[in-house]
Participant: 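Have a look at the structure that comes next, please.
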4 protein chains.
Amino acid sequence: MQKPATRNDSGRKTRLQAARSKGKELKRRGRQRSEESEEAILSAVIHLLREKPLRDISIEEIAKKAGVGKATIYKWWPSKAYLAFDAFSKRLKEMVPIRDTGNAEKDLTEQLYALFAFFETPAGKLLGQFLGEGQVDEEFACLFRERFIKPRRQLVGVIFDRAVESSQIRGGLDRELVLDLIYGPGFYRMMIRRAPLGRDAVDAMISTLFRGLKGTPSRDGRYLRRS
Amino acid sequence: MQKPATRNDSGRKTRLQAARSKGKELKRRGRQRSEESEEAILSAVIHLLREKPLRDISIEEIAKKAGVGKATIYKWWPSKAYLAFDAFSKRLKEMVPIRDTGNAEKDLTEQLYALFAFFETPAGKLLGQFLGEGQVDEEFACLFRERFIKPRRQLVGVIFDRAVESSQIRGGLDRELVLDLIYGPGFYRMMIRRAPLGRDAVDAMISTLFRGLKGTPSRDGRYLRRS
Amino acid sequence: MQKPATRNDSGRKTRLQAARSKGKELKRRGRQRSEESEEAILSAVIHLLREKPLRDISIEEIAKKAGVGKATIYKWWPSKAYLAFDAFSKRLKEMVPIRDTGNAEKDLTEQLYALFAFFETPAGKLLGQFLGEGQVDEEFACLFRERFIKPRRQLVGVIFDRAVESSQIRGGLDRELVLDLIYGPGFYRMMIRRAPLGRDAVDAMISTLFRGLKGTPSRDGRYLRRS
Amino acid sequence: MQKPATRNDSGRKTRLQAARSKGKELKRRGRQRSEESEEAILSAVIHLLREKPLRDISIEEIAKKAGVGKATIYKWWPSKAYLAFDAFSKRLKEMVPIRDTGNAEKDLTEQLYALFAFFETPAGKLLGQFLGEGQVDEEFACLFRERFIKPRRQLVGVIFDRAVESSQIRGGLDRELVLDLIYGPGFYRMMIRRAPLGRDAVDAMISTLFRGLKGTPSRDGRYLRRS
DNA sequence: AGTTAAACGAGACGGTACGTCATGTCTTATT
DNA sequence: AATAAGACATGACGTACCGTCTCGTTTAACT
């Protein structure tokens with residue numbers, strides 16, 4: 001996550017950034033933002049998440065554990081959720097890198113394997129919290145989609161295009177729909193049904209999805225009709 | 001869900017129930033639980049949900065609006081989530097009845113239409129909160145699956161069985177997997193992508209799912225291989 | 001404390017008493033007041049007072065310990081203080097009987113010894129609570145004076161009269177003033193200074209009081225003037 | 001009682017005081033305690049005491065009236081009683097200054113006049129509550145004696161010593177005993193008998209006390225003997 | 001080198017809600 | 001009719017955090 005000093009992953013509260021002119025890179029007077037503190041804060045969040053869910057972690061606790069003033073946290077993150085999202089993203093990038101090796105199949109399945117494995121880690125468990133938060137804070141929901149959902153879909157989108165091109169997937173399909181069909185069952189299984197989701201399950205899902213459910217073709221092309 | 005007087009939908013905190021024998025129906029001494037209060041509490045929750053998300057509703061507020069003591073709420077529900085779930089279930093039963101008319105196809109699509117429409121209502125928006133809560137409180141997650149997820153799946157399960165029997169769906173498919181493929185994309189689209197999910201989208205999902213994604217058949221049955 | 005069944009020492013809340021005619025002793029319809037319960041309640045109070053001060057004892061606790069409904073307590077006593085006062089009086093009568101044996105001196109000192117000893121017992125410690133309650137509830141203060149303070153003063157009043165008559169105490173003294181001088185220092189020492197108050201101290205107080213503080217008499221009879 | 005900024009009259013909860021070195025007067029980091037809030041709280045207590053007794057005043061009410069958070073009160077005072085005692089002391093200092101003008105007689109009677117007059121004021125009425133609290137909380141009782149009772153007694157103690165020296169009071173008397181005899185009757189009359197206690201009554205008490213009760217002297221110096 | 005200003009730790013503050021407890025009232029079934 | 005059991009509305013308790021606000025300190029860039 002290479003980023004300039006005053007840039008959060010959640011991309012917010014960096015009011016001064018715009019003021020910094022393009023070329024000169026003139027630094028503001030006064031003390032600079034402490035990288036050390038940011039590091040300590042994110043680390044504290046991740047450590048605390050091993051013990052209890054985000055809901056039960058207070059800003060006060062994070063500040064204390066990080067050896068940081070509360071105000072420093074409030075200064076750089078608009079809410080606990082954004083803070084947690086930064087921590088989440090940090091871990092996500094380490095554990096689920098987006099790769100495009102050219103080998104579409106491998107990239108896709110590796111992506112799904114890693115993703116669903118990540119959701120079992122303390123940081124990954126945040127996902128459910130984020131969904132709840134997304135209901136409450138539309139801005140956060142937006143951030144979440146832009147920074148987490150979209151990049152994943154884009155990867156698969158590329159694979160989809162290639163597969164259509166090479167006729168591995170039939171034409172005429174709505175790309176968004178297909179992406180929903182690919183990602184949906186996994187998320188549903190994990191977040192809602194809370195059932196285990198190993199590699200076999202991923203393989204089976206994808207496989208069944210490709211082949212379809214249909215048995216003997218119905219004459220008029222509609223599904224689920226009495227013969 | 002017809003229930004005896006002292007029974008919550010969330011099925012908890014009714015310590016005395018067991019003590020009541022089946023036949024004699026002997027009532028315990030002392031004042032009985034007030035049905036009126038229970039009603040008022042659930043109503044208050046639903047009304048408040050029109051204004052703001054569950055997270056921002058305090059127990060104190062509910063009690064005040066319902067004209068009820070806080071202690072009464074704490075007595076019968078272990079947490080705000082359980083209370084909200086009762087309210088959610090109440091509305092759900094009204095709006096998304098589980099019907100088995102014998103017409104499998106109609107039952108399934110009607111079920112999905114109604115379900116996803118329900119999620120747009122104030123009570124339906126709770127779903128995201130419940131997922132978050134489920135991460136925090138495993139007991140709640142369990143309740144949620146038992147009382148909400150399972151009954152829906154059972155309905156579709158029956159339809160699935162019939163369809164297999166009549167060869168509308170090919171044999172050899174794992175039932176749970178198919179249910180994930182049917183429900184998953186809808187939930188994902190709504191909860192995670194927060195994209196609209198009308199009747200057309202439902203039709204397209206189901207339709208594509210049945211037909212499968214595959215283009216030109218690959219020789220060895222594996223998906224996504226260069227020809 | 002011989003009393004009719006439905007009479008509290010605190011003499012309150014016995015609305016039905018008036019209705020009972022003198023001679024016929026016609027009993028009210030329905031179940032009679034349970035002597036047993038009253039007994040149990042007062043006992044419970046006294047036992048609880050051994051563990052903690054009245055302030056920290058709840059009506060609920062008393063009811064539970066006495067195996068009695070809360071309503072029963074509320075029915076017969078207007079507040080916790082009155083209830084405690086009944087318990088206090090009960091113990092007081094046992095431990096500090098008012099005796100008039102004719103031997104004035106002995107009666108007085110015995111009275112004081114016993115009284116101040118009583119104040120060291122759990123029930124006696126209530127006295128401080130009663131003073132506080134008296135500030136809050138004038139009716140209780142009145143009851144307290146009538147039933148506790150006055151009877152003690154009357155005993156000493158008789159002794160005072162005899163002593164004046166026999167010239168052991170000089171004439172022309174205000175009776176109430178003298179009673180204040182006799183009782184005051186003891187109460188002050190115990191309740192306010194919380195200093196020990198044994199027999200010696202009582203003897204010294206009375207002795208000094210009788211003899212007076214004066215040294216060389218001042219010519220005009222006023223105290224504390226430079227000669 | 002001149003005190004540093006962060007010092008309560010009740011002398012408690014000032015954990016950090018010790019850490020402040022004597023000479024440098026280095027202030028601790030962070031925001032300083034708000035004098036303004038302390039003032040507002042004590043004022044609120046005194047105002048509320050005009051309407052009702054301490055028992056019926058809730059911390060919540062005080063906080064609201066003072067425009068202050070409850071936590072601020074709990075932070076600096078361990079209980080309502082200590083808070084009330086600070087308010088009491090504040091008023092006491094204004095209304096009953098301890099003076100030692102050298103004129104012993106005047107100082108003493110003025111002290112008693114003012115003291116007993118003070119007890120008729122809203123703040124003064126607290127005294128009874130404090131006695132009750134003293135029974136419950138030994139630490140409070142101790143504070144009460146140290147900060148209220150002792151200073152008064154010391155003043156009179158000095159007068160006593162002078163009076164003995166000048167032979168206005170005879171020698172050989174126990175100082176503590178005499179102080180009890182002087183203060184006791186007044187407190188008793190007011191707190192326990194709840195009888196009025198004007199200047200005349202004070203004069204009569206002191207006068208009678210100095211002269212003694214004795215009538216015809218008994219031969220052996222014992223009081224209360226049959227002639 | 002001195003000045004200025006931002007960021008920082010500490011922590012007090014006015015609030016809000018928490019979940020618990022006790023109050024005094026009321027209802028129900030029992031005695 | 002009086003009781004025990006116990007549910008109830010009410011409201012205060014003392015605690016925990018919230019997000020804001022001084023404080024005095026530290027760190028840079030700009031004089």
Side-chain angles (χ1 to χ4, degrees), chain A residues 6 16 26-34 36-37 57-64 66-76 78-80, chain B residues 6 16 26-34 36-37 56-61 63-64 66-76 78-80, chain C residues 6 16 27-34 36-37 56-61 63-64 66-76 78-80, chain D residues 6 16 26-34 36-37 40 56-61 63-64 66-76 78-80:
Chain A
T6 46
L16 293 160
L26 80 143
K27 279 203 180 172
R28 314 186 283 316
R29 283 221 287 183
R31 189 168 168 177
Q32 300 309 109
R33 175 171 186 186
S34 160
E36 214 174 319
S37 287
I57 298 173
S58 66
I59 297 275
E60 223 138 33
E61 205 174 357
I62 297 167
K64 190 163 196 177
V68 139
K70 270 198 296 176
T72 303
I73 297 179
Y74 285 112
K75 177 159 207 178
W76 300 107
S79 89
K80 203 165 55 177
Chain B
T6 46
L16 293 160
L26 79 140
K27 282 200 178 171
R28 46 197 192 307
R29 286 221 284 185
R31 190 168 169 176
Q32 302 308 111
R33 176 172 184 185
S34 161
E36 214 174 319
S37 287
D56 297 346
I57 298 173
S58 65
I59 298 273
E60 222 138 37
E61 205 174 358
K64 191 163 197 177
V68 138
K70 267 198 297 177
T72 303
I73 297 179
Y74 284 112
K75 177 159 207 175
W76 300 107
S79 88
K80 204 164 55 177
Chain C
T6 47
L16 293 160
K27 283 204 178 170
R28 310 186 290 313
R29 285 214 293 174
R31 190 166 165 180
Q32 300 309 110
R33 174 169 186 190
S34 160
E36 216 174 316
S37 288
D56 298 345
I57 299 172
S58 65
I59 297 274
E60 222 139 37
E61 206 174 358
K64 191 162 196 177
V68 139
K70 269 198 297 177
T72 305
I73 297 179
Y74 285 114
K75 179 161 203 179
W76 299 105
S79 89
K80 204 165 55 178
Chain D
T6 47
L16 293 159
L26 81 139
K27 282 203 180 171
R28 37 198 200 310
R29 285 222 285 185
R31 190 167 168 177
Q32 302 307 112
R33 175 171 185 186
S34 161
E36 213 175 319
S37 288
D56 298 345
I57 298 173
S58 66
I59 298 272
E60 223 140 38
E61 206 175 357
K64 190 163 198 177
V68 139
K70 267 198 296 177
T72 303
I73 298 180
Y74 285 111
K75 176 158 208 176
W76 299 106
S79 88
K80 203 164 56 176

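By convention in this document, chain letters (A, B, ...) are assigned in the order of the sequence lines, proteins followed by strands, and residues within each chain are numbered from 1. These numbers were taken from a predicted model, which means no experiment stands behind them.
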Participant: For K64(D) and I59(D), indicate whether the former's side chain and the latter's backbone hold a donor-acceptor pair under 3.5 Å.
Facilitator: no

Participant: In whole angstroms, how far is the C1' atom of dG9(E) from the NZ atom of K75(A)?
Facilitator: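 Distance check: K75(A) NZ to dG9(E) C1' gives 14 Å.
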
Participant: OP1 or OP2 of dC21(E) less than 4.0 angstrom from a side-chain nitrogen or oxygen of S58(C), does that happen here?
Facilitator: no

Participant: Write down the distance between CH2 (W76(A)) and P (dA6(E)), rounded to a whole number of angstrom.
Facilitator: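 Atom CH2 in W76(A) sits about 12 Å away from atom P in dA6(E).
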
Participant: A66(C) or I57(D): which one's nearest nucleotide on DNA chain F is closer to the 5' end?
Facilitator: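 Result of the comparison: A66(C).
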
Participant: Tell me the interatomic distance from I62(A), atom CD1, to dA16(F), atom C1', rounded to whole angstroms.
Facilitator: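 It is 15 Å, rounded to the nearest whole Å.
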
Participant: Please confirm whether the shortest side-chain N or O distance from S34(D) to OP1 or OP2 of dA12(E) is below 4.0 Å.
Facilitator: no

Participant: So which heavy atom on G69(D) is nearest to which on A63(D), and how close?
Facilitator: C-CB, 4.2 Å

Participant: Counting just side-chain N and O atoms, does T72(B) come under 4.0 Å of either OP1 or OP2 of dA7(F)?
Facilitator: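 Result: no.
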
Participant: For DNA chain F, whose closest nucleotide is more 5', that of E61(A) or that of V68(C)?
Facilitator: V68(C)

Participant: Measure the distance from CG on D56(B) to C1' on dG15(E) and round it to the nearest whole Å.
Facilitator: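 Distance, rounded to whole Å: 16 Å.
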
Participant: Using the side-chain heavy atoms of K80(D), tell me which of these nucleotides is nearest: dC8(F), dT3(F), dC13(F).
Facilitator: dC13(F)

Participant: Rounded to the nearest angstrom, tell me the gap between atom CZ in R33(D) and atom C1' in dT22(F).
Facilitator: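 About 16 Å, once rounded to whole Å.
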
Participant: Polar pairs (N or O, both sides) under 3.5 Å between protein and nucleotides 19-21 of chain F?
Facilitator:
{"residue": "dG19(F)", "atom": "OP2", "partner": "Y74(A)", "partner atom": "OH", "Å": "2.7"}
{"residue": "dG19(F)", "atom": "N7", "partner": "K70(A)", "partner atom": "NZ", "Å": "3.2"}
{"residue": "dG19(F)", "atom": "O6", "partner": "K70(A)", "partner atom": "NZ", "Å": "2.7"}
{"residue": "dC21(F)", "atom": "O2", "partner": "R31(D)", "partner atom": "NH1", "Å": "3.3"}

Participant: Among residues at least two apart in sequence or on other chains, which ones pass side chain to side chain contact (heavy atoms under 4.5 Å, CB included) with E60(D)?
Facilitator: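 With sequence neighbours excluded, E60(D) shows a side chain to side chain contact (heavy atoms under 4.5 Å, CB included) to S58(D), K70(D), given in chain and number order.
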
Participant: Could you give the NZ-to-C1' distance, from K64(B) to dG11(F), as a whole number of Å?
Facilitator: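 Rounded to whole Å, this separation is 12 Å.
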
Participant: What integer distance in Å separates I73(D):CD1 from dG15(E):C1'?
Facilitator: 13 Å

Participant: Please determine whether a side-chain nitrogen or oxygen atom of S37(D) lies at a distance below 4.0 Å from atom OP1 or OP2 of dA12(E).
Facilitator: no

